[in-house]
Engineer: 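Pasting a structure below so you can have a look.
Since this is a predicted model, take the numbers as computed values, not measurements. Just so you know, these numbers use all the heavy atoms, side chains as well, and skip hydrogens, waters and symmetry mates.
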Amino acid sequence: MESELPDIYCPFPQRTNPHVGGTREHLDAWTRQTGLVNRPSARQRFEQADFASFVGMVHPTAAKDDLDLVADWFVWLFLVDDQLDDGHLGRTPERVRDVVARMRAVIDGTAPEPLPGEDPPAAVVALADLWGRTTPGTAPHWRTRFAWHLVSYLTTATTWEAGNRAAGEVPSEETYIAKRRHTGAIHVCMDLIEIVTGIEAPESIHNDPRFITALEASCNVVCWANDVYSYEKEQVLGEIHNLVHLVRHHRGLGEQEALDLVAERIATETERFLAAEDELLDLYPGLNGLLVPYLDGMRSWMRGNLDWSRLTPRYDPADVDQYTEPEEYLEEAVLGVAPEHVVHGPPDPRG
């Protein structure tokens with residue numbers, strides 16, 4: 001009997017942004033301009049995912065320009081992640097070391113100008129564009145935190161995950177949960193709430209234990225819900241970095257039992273967020289002007305991620321065959337690695 005995706009508790013309202021149509025057009029132009037999506041097969045898969053709809057659900061009140069900017073970040077993160085998760089690159093970290101160093105140089109402000117005739121990887125070109133559009137005028141402490149989260153994403157995904165795959169190492173649930181917030185780049189995305197809402201949260205708020213709890217819980221909800229919806233895809237690819245997979249592996253549960261258990265844990269994290277939210281708003285009534293939109297951004301992330309995951313063909317369990325040939329959608333130009341190095345064929349037995 002096939003397993004059924006569990007209902008995931010989410011007490012927040014469904015919303016969407018009225019500018020989604022314009023953002024969809026913007027993404028089409030931006031991905032062509034930066035070279036992130038070129039081949040017809042990759043373009044078809046990109047359009048089917050409908051990232052503009054995703055960003056509209058996650059940021060339902062964002063202004064048009066802000067929605068376009070955050071949509072570009074979403075697409076960049078998803079396309080880089082596909083390269084690392086679905087292909088050979090995620091099992092051979094030495095192959096992406098140089099391109100990650102180039103990305104870090106963009107973030108650090110030490111990237112040299114391209115040499116005449118040089119064709120940098122599209123991910124580097126796109127990141128330079130994003131960084132230049134995002135960081136001017138932001139507070140130094142925000143830029144420092146954002147840069148740290150972005151570098152943590154790149155290094156954890158290319159070193160820790162790739163090292164586990166290469167060694168056949170299955171992480172513990174506890175270790176995975178802590179690392180997942182970095183490999184999923186969710187902290188990067190949560191930082192962008194301040195850009196979209198035009199607020200500047202002081203370091204004292206970011207260091208408050210109640211804020212830390214609300215942020216951690218909302219990040220967990222997003223990441224674990226993604227694990228539920230991407231589970232079938234990742235099983236096809238032999239991916240071990242998925243909470244449902246790890247629950248099955250470490251606890252000896254069946255597939256349906258593991259899916260249901262992760263759904264229960266998502267509900268617990270949602271309640272943990274709500275309790276921390278109430279405490280924060282009661283404790284700092286004078287800061288509600290920035291706390292309310294920040295917390296609302298976390299709420300809409302949890303809701304929007306769930307709604308999009310249910311709708312996008314990207315995680316359609318009835319169409320997992322779309323992932324058996326990643327060479328059809330992984331672009332050489334994104335990270336500058338030749339397509340013959342992608343993985344295809346039967347799933348890895350470790351998965």
Side-chain angles (χ1 to χ4, degrees), residues 1-12 14 48-51 53-54 57-58 74 77-78 81-82 84-86 157 161 164 170-187 189-190 216-274 298-323 347 350-351:
M1 186 175 68
E2 290 187 5
S3 300
E4 294 184 0
L5 289 178
D7 289 331
I8 293 178
Y9 170 64
C10 190
F12 314 123
Q14 292 181 308
Q48 287 175 340
D50 198 2
F51 294 108
S53 177
F54 184 25
M57 294 174 180
V58 169
F74 281 20
L77 289 165
F78 267 103
D81 204 53
D82 279 350
L84 298 176
D85 282 356
D86 297 3
E161 278 195 331
N164 287 341
V170 180
S172 68
E173 288 180 41
E174 182 180 10
T175 298
Y176 172 77
I177 286 169
K179 298 285 190 182
R180 181 68 172 91
R181 294 188 289 271
H182 292 300
T183 61
I186 188 59
H187 280 302
C189 297
M190 292 295 187
E216 181 183 88
S218 60
C219 288
N220 286 342
V221 167
V222 172
C223 291
W224 301 353
N226 177 263
D227 282 1
V228 168
Y229 277 89
S230 64
Y231 173 70
E232 291 290 344
K233 166 201 168 183
E234 292 178 345
Q235 287 295 286
V236 169
L237 290 167
E239 177 58 78
I240 61 174
H241 298 99
N242 181 292
L243 187 56
V244 180
H245 175 83
L246 294 178
V247 163
R248 291 193 69 188
H249 177 87
H250 291 298
R251 304 190 187 201
L253 300 181
E255 185 174 281
Q256 190 65 60
E257 291 176 301
L259 285 164
D260 291 343
L261 178 59
V262 173
E264 291 172 11
R265 295 181 69 173
I266 291 170
T268 299
E269 290 298 290
T270 303
E271 293 294 344
R272 195 162 73 100
F273 166 83
L274 291 169
M298 296 179 198
R299 285 167 162 250
S300 62
W301 243 111
M302 290 183 275
R303 177 83 252 178
N305 173 68
L306 189 60
D307 292 339
W308 179 74
S309 296
R310 287 169 172 164
L311 295 173
T312 180
R314 184 180 172 88
Y315 305 132
D316 184 356
D319 190 23
V320 293
D321 287 346
Q322 65 181 304
Y323 304 107
R350 293 193 304 271

Engineer: Out of curiosity, L5 CG to R310 CZ, how far, rounded to the nearest 0.5 Å?
Structural biologist: 9.5 Å
Engineer: Which residues pass the ring-ring contact (aromatic ring centres under 6.0 Å, His included) test with F54, not counting sequence neighbours?
Structural biologist: F74, F78, W301, W308
Engineer: Which atom names give the shortest non-hydrogen contact between V228 and P6, and what distance separates them?
Structural biologist: CG1-CD, 4.0 Å
Engineer: Atom OG1 in T183, atom NE2 in H241: separation rounded to 0.5 Å?
Structural biologist: 7.5 Å
Engineer: Once salt bridge (Lys or Arg N to Asp or Glu O under 4.0 Å) is applied, do any residues pair with D50, and if so which ones, sequence neighbours excluded?
Structural biologist: R24
Engineer: Considering all heavy atoms of both residues, which atom of C189 and which atom of L77 are nearest to each other, and what is their separation?
Structural biologist: SG-CD1, 3.9 Å
Engineer: Tell me, please, which residues at least two apart from R272 pass side-chain hydrogen bond (donor to acceptor under 3.5 Å, both in side chains).
Structural biologist: E216, E269
Engineer: With heavy-atom distances below 4.5 Å as the criterion, would you say the side chains of W224 and I177 are in contact?
Structural biologist: yes
Engineer: Once side-chain contact (heavy atoms from CB on, under 4.5 Å) is applied, do any residues pair with S309, and if so which ones, sequence neighbours excluded?
Structural biologist: Y229, N305, Y315
Engineer: Not counting sequence neighbours, which residues clear side-chain hydrogen bond (donor to acceptor under 3.5 Å, both in side chains) with T175? List them please.
Structural biologist: S172
Engineer: Which atom names give the shortest non-hydrogen contact between S3 and E255, and what distance separates them?
Structural biologist: OG-OE2, 2.7 Å
Engineer: Cut-off 3.5 Å, side chains only: do N242 and R248 have a donor facing an acceptor?
Structural biologist: no
Engineer: Once side-chain contact (heavy atoms from CB on, under 4.5 Å) is applied, do any residues pair with S218, and if so which ones, sequence neighbours excluded?
Structural biologist: M190, L215, F273, M298, M302
Engineer: How long is the gap from CD on E161 to CZ on R180, to the nearest 0.5 Å?
Structural biologist: 8.0 Å
Engineer: Given H245, which of E239, E234, Q235 fulfils the side chain to side chain donor-acceptor pair (under 3.5 Å) condition?
Structural biologist: Q235
Engineer: Going through the distances and angles, do K233 and V236 end up as a side chain to side chain contact (heavy atoms under 4.5 Å, CB included)?
Structural biologist: CA-CA 5 Å; K233 166 201 168 183; V236 169; 5.9 Å; no
Engineer: Checking E173 now: which residues fulfil salt bridge (Lys or Arg N to Asp or Glu O under 4.0 Å) with it, not counting sequence neighbours?
Structural biologist: R251, R265
Engineer: Who passes side-chain hydrogen bond (donor to acceptor under 3.5 Å, both in side chains) against D307, sequence neighbours left out?
Structural biologist: Q14, R303
Engineer: For the atom pair CD1 (I8) and CG (L306), what is the distance rounded to the nearest 0.5 Å?
Structural biologist: 5.0 Å
Engineer: So, using side-chain contact (heavy atoms from CB on, under 4.5 Å) as the criterion, who are the partners of E271 when residues are at least two apart?
Structural biologist: Y9, L274
Engineer: Answer with yes or no whether the side chains of D227 and Y176 bring together a donor and an acceptor at under 3.5 Å.
Structural biologist: yes
Engineer: From H187 NE2 over to C223 SG, what is the distance, rounded to the nearest 0.5 angstrom?
Structural biologist: 8.0 Å
Engineer: Please check: side-chain N/O of T312 versus main-chain N/O of A49, any donor-acceptor pairing under 3.5 Å?
Structural biologist: yes
Engineer: Kindly compute the distance separating CG (L261) from CG (L243), expressed to the nearest 0.5 Å.
Structural biologist: 8.0 Å
Engineer: Which heavy atom of P171 sits nearest to which heavy atom of I240, and what is that distance?
Structural biologist: CD-CD1, 4.3 Å
